[in-house]
Colleague: 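Just passing along the structure, written as structure tokens.
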Amino acid sequence: MRVLVTGSAGFIGGHVVAAFEGAGHDVLGFDLRSGADVRDDAALDRMLPGVALVVHQAAKVGLGVDVSDLPAYASANVYGTAVLLAAMARHGVERLVLASSMVVYGEGAYDCAEHGRVRPGPRSRIDLERGRFEPSCPVCGAQVRHAVISEDAPTDPRNAYATTKLAQEHLVAGWARETGGTAVALRYHNVYGPRMPRDTPYAGVAAIFRSALEAGRTPRVFEDGGQLRDFVHVRDVARANLAAAGAGAPGRLVAYNVASGTPHTVGEMAAALAAARGGPEPVVTGEYRLGDVRHIVASPALARAELGFAAEIGFETGMKEFATAPLGES
């Protein structure tokens, strides 16, 4: 099958290309680094004839700096996806796998002893300044316990990147309905692994810690380090894309969590990387980012049942490899 991978020279995109080529597919790379922009109709018209599947990885990622980033996120992620979908419709390309993200959920799921399953709103700056990092019940204000989130959870994006990833899903769903195309959205959780970009304002937390350790600096862990995340290895993510290539149903978008199913705290991740490199030890700073969420723990059950996908690389093995693996450029 001829497959077009957007963002093919990026961190995840490069691994996706390798997975599809390893499975015997004819892969065409499409990446801004080589002058191919998904916002360029002419470039898409040159590449899409004969393509059976588009795997859309190209995106501006990360939490960003401030609201000045909004135009860049909207242009690359929302407008870029709209241009791509229109071009796919022109050329009769009927199948799409979209790189989505767990950030579309906002804060994860929580249970209150009195009110059951609840979804706390964004944490206030005042609470964060005072070191009150755990969300509370939005009804009674009591302590809540984190719960596992599934694909049918309400979406509630909390920053520019999250908002544009959800917009991508809506655009793709509209494309599928109007064209009869088949679309799968893979909601990646915290992806890490070889060739992850170095530390920038747009990098993930694993890259930030790994970059600090390589430079001999102490990793700085925000809040109290107790934030729960699901860290999933990039080669597993690439396998999920391969599994999604033949999945879905015409006329609609189906979303799947791509996660290991075994969450760890941010503090545990920093400690694992530091131990594998022989230090320096992480320091917990109490700092925070207003757009961050506290806990998000996902169920990978639907991807296992419908895609036959399950992560294979465990946390300890993956972090030991990542601690000394080469980093990529941003």
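Note that the numbering runs from 1 along the sequence shown for the chain. Given the structure is predicted, the values throughout are model-derived calculations rather than measurements.
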Colleague: How long is the straight-line distance from CG of L213 back to OG1 of T324, given to the nearest 0.5 Å?
Modeller: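 One gets 11.5 Å once the value is rounded to the nearest 0.5 Å.
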Colleague: What about L242 and M1, same hydrophobic cluster or not, with Ile/Leu/Val/Met/Phe/Trp/Tyr joined at side-chain heavy-atom distances under 4.5 Å?
Modeller: yes
Colleague: How about K165 and R187: do any of their side-chain heavy atoms sit closer than 4.5 Å?
Modeller: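 No. Closest side-chain heavy atoms not under 4.5 Å.
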Colleague: Looking only at heavy atoms, what is the nearest atom pair of H264 and F231, with distance?
Modeller: O-CE1, 3.7 Å
Colleague: Using distance only, find each side-chain donor-acceptor pair of residues 219-227 under 3.5 Å and give its atom names and separation, not counting sequence neighbours.
Modeller:
residue, atom, partner, partner atom, Å
R220, NE, E287, OE1, 3.4
R220, NH2, E287, OE1, 2.7
E223, OE1, R123, NH1, 3.0
E223, OE1, R294, NH1, 2.8
E223, OE2, R123, NH1, 3.2
E223, OE2, R123, NH2, 2.8
D224, OD1, G226, N, 2.9
D224, OD1, R294, NH1, 2.9
D224, OD1, R294, NH2, 2.9
D224, OD2, R294, NH2, 3.2
Q227, OE1, G225, N, 3.2
Q227, NE2, F222, O, 3.2

Colleague: One pair to check against side chain to side chain contact (heavy atoms under 4.5 Å, CB included): R39 and S75. What are the steps and the verdict?
Modeller: CA-CA 8 Å; R39 294 166 291 191; S75 178; 2.7 Å; yes
Colleague: Hydrophobic clustering (ILVMFWY, side-chain heavy atoms < 4.5 Å, transitive) - are L96 and V237 grouped together?
Modeller: no
Colleague: So, Y110 versus E134: side-chain donor-acceptor pair below 3.5 Å or not?
Modeller: no
Colleague: What's the spacing between W175 CH2 and T182 OG1 if we round to 0.5 Å?
Modeller: 7.0 Å
Colleague: Do you know which two heavy atoms are closest between L70 and A160, and how far apart they sit?
Modeller: CD2-CB, 3.4 Å
Colleague: Nearest 0.5 angstrom please: D230 CG to M102 CE, how far?
Modeller: 9.0 Å
Colleague: Donor-acceptor pairs under 3.5 angstrom involving side-chain atoms of residues 189-196: please list them, not counting sequence neighbours.
Modeller:
residue, atom, partner, partner atom, Å
H189, NE2, N257, OD1, 3.4
R195, NH2, H15, NE2, 3.4

Colleague: So D156 and R158, do their side chains get closer than 4.5 Å, heavy atoms only?
Modeller: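 SC-SC contact between R158 and D156 confirmed.
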Colleague: Could you check if a side-chain atom of V54 sits within less than 4.5 angstrom of a side-chain atom of L48, using non-hydrogen atoms only?
Modeller: yes
Colleague: Is there a side-chain contact between T262 and F315, using heavy atoms and a 4.5 Å cut-off?
Modeller: no
Colleague: Hey, are R2 and D26 close enough for a salt bridge, meaning a charged N less than 4.0 Å from a carboxylate O?
Modeller: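 Yes, this pair counts.
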Colleague: Whether the side chain of S34 engages the backbone of D31 through a donor-acceptor N/O pair (distance < 3.5 Å, no angle test) should be reported.
Modeller: yes
Colleague: Which pairs of donor and acceptor atoms, one on a side chain in residues 301-311, lie under 3.5 Å apart (sequence neighbours left out)?
Modeller:
residue, atom, partner, partner atom, Å
E306, OE1, Y256, OH, 2.6

Colleague: Tell me the closest heavy-atom pair linking L327 and F322, and the distance in Å.
Modeller: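 For L327 and F322, the tightest heavy-atom pair comes out as CD2-CE1, 3.9 Å.
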Colleague: If every non-hydrogen atom of N77 is compared with every non-hydrogen atom of T81, which pair is closest and at what distance?
Modeller: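 Looking at all heavy atoms of both residues, the shortest contact is O-OG1, 2.6 Å.
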Colleague: What is the minimum heavy-atom distance between V38 and A58, and which atoms define it?
Modeller: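 Scanning both residues completely, I find the closest heavy atoms to be CG1-CB, 4.4 Å.
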Colleague: Any side-chain heavy atom of F11 sitting closer than 4.5 Å to one from V61?
Modeller: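 Answer no - side chains too far apart.
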Colleague: Just wondering, more than 12 heavy atoms not from E21 lying within 6.0 Å of its CD?
Modeller: yes
Colleague: Would you say F209 and M319 are hydrophobically clustered, going by side-chain heavy atoms of ILVMFWY under 4.5 Å?
Modeller: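 Hydrophobic grouping puts F209 with M319.
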Colleague: Should we count CD of E94 as having more than 12 external heavy atoms under 6.0 Å?
Modeller: no
Colleague: Suppose clustering is done on Ile, Leu, Val, Met, Phe, Trp and Tyr with side-chain heavy atoms closer than 4.5 Å. Which residues sit in the same group as I313?
Modeller: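 Answer for I313: none, a lone residue.
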Colleague: How many angstroms lie between CG in D111 and SG in C137, if you round to the nearest 0.5 Å?
Modeller: 10.5 Å
Colleague: Are any non-hydrogen side-chain atoms of L85 and V172 less than 4.5 angstrom apart?
Modeller: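 Yes, at least one pair of side-chain atoms sits under 4.5 Å.
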Colleague: Distance-only criterion, 3.5 Å: show the donor-acceptor pairs between side-chain atoms of residues 40-47 and protein atoms not counting sequence neighbours.
Modeller:
residue, atom, partner, partner atom, Å
D40, OD1, A42, N, 3.0
D40, OD1, A43, N, 3.2
D41, OD1, R90, NH2, 3.4
D45, OD1, R90, NE, 3.4
D45, OD1, R90, NH2, 2.8
D45, OD1, H91, NE2, 2.7

Colleague: Give a yes or no answer on whether the side chain of H25 reaches the backbone of V27 with a donor-acceptor pair at less than 3.5 Å.
Modeller: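 Looks like no, no N/O pair under 3.5 Å.
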Colleague: Take Y79 and T164 through the side chain to side chain contact (heavy atoms under 4.5 Å, CB included) test and state the conclusion after the steps.
Modeller: CA-CA 10 Å; Y79 179 66; T164 61; over 6 Å; no
Colleague: Salt bridge (charged side-chain N to carboxylate O under 4.0 Å, His left out) for E316 and K320? Distances and angles first, verdict last.
Modeller: CA-CA 6 Å; E316 292 78 10; K320 284 180 181 177; over 6 Å; no
Colleague: Could you measure the distance from the CZ atom of R33 to the OG atom of S8? Nearest 0.5 Å is fine.
Modeller: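 Atom-to-atom, R33:CZ and S8:OG are 8.5 Å apart.
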Colleague: Side-chain heavy atoms nearer than 4.5 Å, only ILVMFWY residues, links allowed to pass through others: does that put L171 and V93 together?
Modeller: yes
Colleague: Which pairs would a plain distance check flag for residues 266-284, meaning a side-chain donor or acceptor within less than 3.5 Å of a matching protein atom at least two apart in sequence or in another chain?
Modeller:
residue, atom, partner, partner atom, Å
E268, OE1, T265, N, 2.9
R277, NH1, A323, O, 2.7

Colleague: Indicate yes or no: at least one non-hydrogen side-chain atom of R119 is less than 4.5 angstrom from one of Y105.
Modeller: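 Of all side-chain heavy-atom pairs linking Y105 with R119, at least one is under 4.5 Å.
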Colleague: With heavy-atom distances below 4.5 Å as the criterion, would you say the side chains of M88 and H56 are in contact?
Modeller: no
Colleague: For the pair Y73 and T163, evaluate side chain to side chain contact (heavy atoms under 4.5 Å, CB included) and give the outcome as yes or no after the intermediate values.
Modeller: CA-CA 9 Å; Y73 276 104; T163 301; over 6 Å; no
Colleague: If you count every heavy atom of other residues, nucleotides or ligands that lies below 6.0 Å from R145 atom CZ, does the total exceed 12?
Modeller: no
Colleague: How long is the straight-line distance from CD1 of I149 back to CD1 of I296, given to the nearest 0.5 Å?
Modeller: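 The CD1 atom of I149 is 5.0 Å from CD1 of I296, to the nearest 0.5 Å.
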Colleague: Taking all heavy atoms of F30 and all of L4, pick out the closest pair and write down the distance.
Modeller: CB-CD1, 3.7 Å
Colleague: Mind checking whether I12 and L53 sit in one hydrophobic cluster, side chains of I, L, V, M, F, W, Y counted as touching below 4.5 Å?
Modeller: yes
